[in-house]
Each structure stands twice: as C-alpha cells, then as structure tokens.
Asker: 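Handing you this structure, nothing more for now.
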Amino acid sequence: MLPDNFDRDLFTSELRAKHSRILPPEVEFSVGDGWLPIIADSLSEAEAALEKSGWISKAEVRQIKEKFAGLRLYVRPKRTSSHFPMALAAELLAIRDRAESLSMRACELCGEPGELRSSGYHQTLCDKHAGDRA
Ligand SMILES: [Zn+2]
C-alpha cells in the first residue's frame with residue numbers, strides 16, 4: 001500500500017500544511033506509517049465537515065494515537081466549554097469510527113492487510129510484520 005520510497009517526514013509535513021487550520025503543530029502522529037493514509041483521509045473528511053457546518057475556526061484535532069490496536073483521531077471544539085451541534089458530532093464520530101475500523105484491517109507498520117495480533121501486547125499487523133515481532 002505504501003510506496004517503497006515512502007517518506008514519513010514529507011508525508012506528515014504535507015498533511016500539516018494542508019490541514020493547518022485544524023491540526024495544531026503540537027499534535028503528534030503517534031502511530032506507524034501504515035496508518036498515515038487513513039489519517040490523511042480522516043483529516044480531509046473532518047475538515048470538510050467542520051467547514052460545512054461553520055466550525056472550521058472553532059475546532060481542532062486534539063490527539064492522533066493508537067488505542068487497543070486501533071487508530072483514534074479526536075477532534076474537539078477549541079473552547080472546552082463548547083459542544084458540537086448534534087449533527088456535526090455524529091458526523092465526526094462516523095469519521096472516527098470509519099478510520100478505526102479501517103485501521104483494524106491494516107498493518108500499522110506498512111498498511112498491508114492486517115489483523116489483530118497479541119503476543120505480549122496488541123497490535124494490528126500484516127503476516128510479515130507479525131512474523132518479525134514473534
Ligand atoms: Zn506490515
């Protein structure tokens with residue numbers, strides 16, 4: 001899935017430039033390369049949803065991380081006391097759920113088809129990378 005010459009730094013810096021309106025510089029991409037394309041799609045979807053609903057300047061990505069072998073991408077209102085309207089909240093939740101379910105089928109390291117592996121700790125990996133870890 002990822003090209004052989006995949007350049008993580010280039011890919012993530014392009015993502016940051018493209019989504020600077022909602023992606024604060026301090027938010028890290030705390031996952032393996034294999035999930036970065038899923039993150040790219042999710043950021044585009046989230047940004048479109050926020051733009052459409054007039055929340056683009058009032059919301060931001062709070063965290064991008066792995067949890068229970070799945071990708072989590074959290075978008076929150078900048079002002080912690082405010083809440084997304086219900087329709088927007090539902091849309092953002094659907095985007096997050098879709099990213100999570102895609103990540104549960106993609107190797108976190110390379111993006112090839114993967115599944116949950118648990119040898120000591122849980123991670124979603126392809127056959128090759130599961131073999132490397134064993
Ligand atoms: Zn892999």
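Order of appearance sets the numbers: ligands from 1, and atoms from 1 within every ligand. These figures come from a predicted structure and were not determined experimentally.
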Asker: Give a yes or no on whether a salt bridge exists between Arg21 and Glu60, defined as a side-chain N under 4.0 angstrom from a carboxylate O.
Answerer: no
Asker: Just jot down the salt bridge (Lys or Arg N to Asp or Glu O under 4.0 Å) partners of Glu14, sequence neighbours excluded, or say none.
Answerer: none
Asker: With a sphere of 6.0 Å drawn around NZ of Lys18, does it hold more than 12 non-hydrogen atoms of other residues, nucleotides or ligands?
Answerer: no
Asker: Look at Glu100 together with Arg72 and state whether they make a salt bridge at an N to O cut-off of under 4.0 Å.
Answerer: yes
Asker: Quick one: does Leu36's side chain get under 4.5 Å of Asp33's, heavy atoms only?
Answerer: yes
Asker: Taking the basic N atoms (NZ, or NE/NH1/NH2) and the acidic carboxylate oxygens, is any pair closer than 4.0 Å for Arg98 and Glu45?
Answerer: yes
Asker: Listing by chain and number, what protein N/O/S atoms are under 2.8 Å from the Zn ion (ligand 1)?
Answerer: Cys107 SG, Cys110 SG, Cys126 SG, His129 ND1
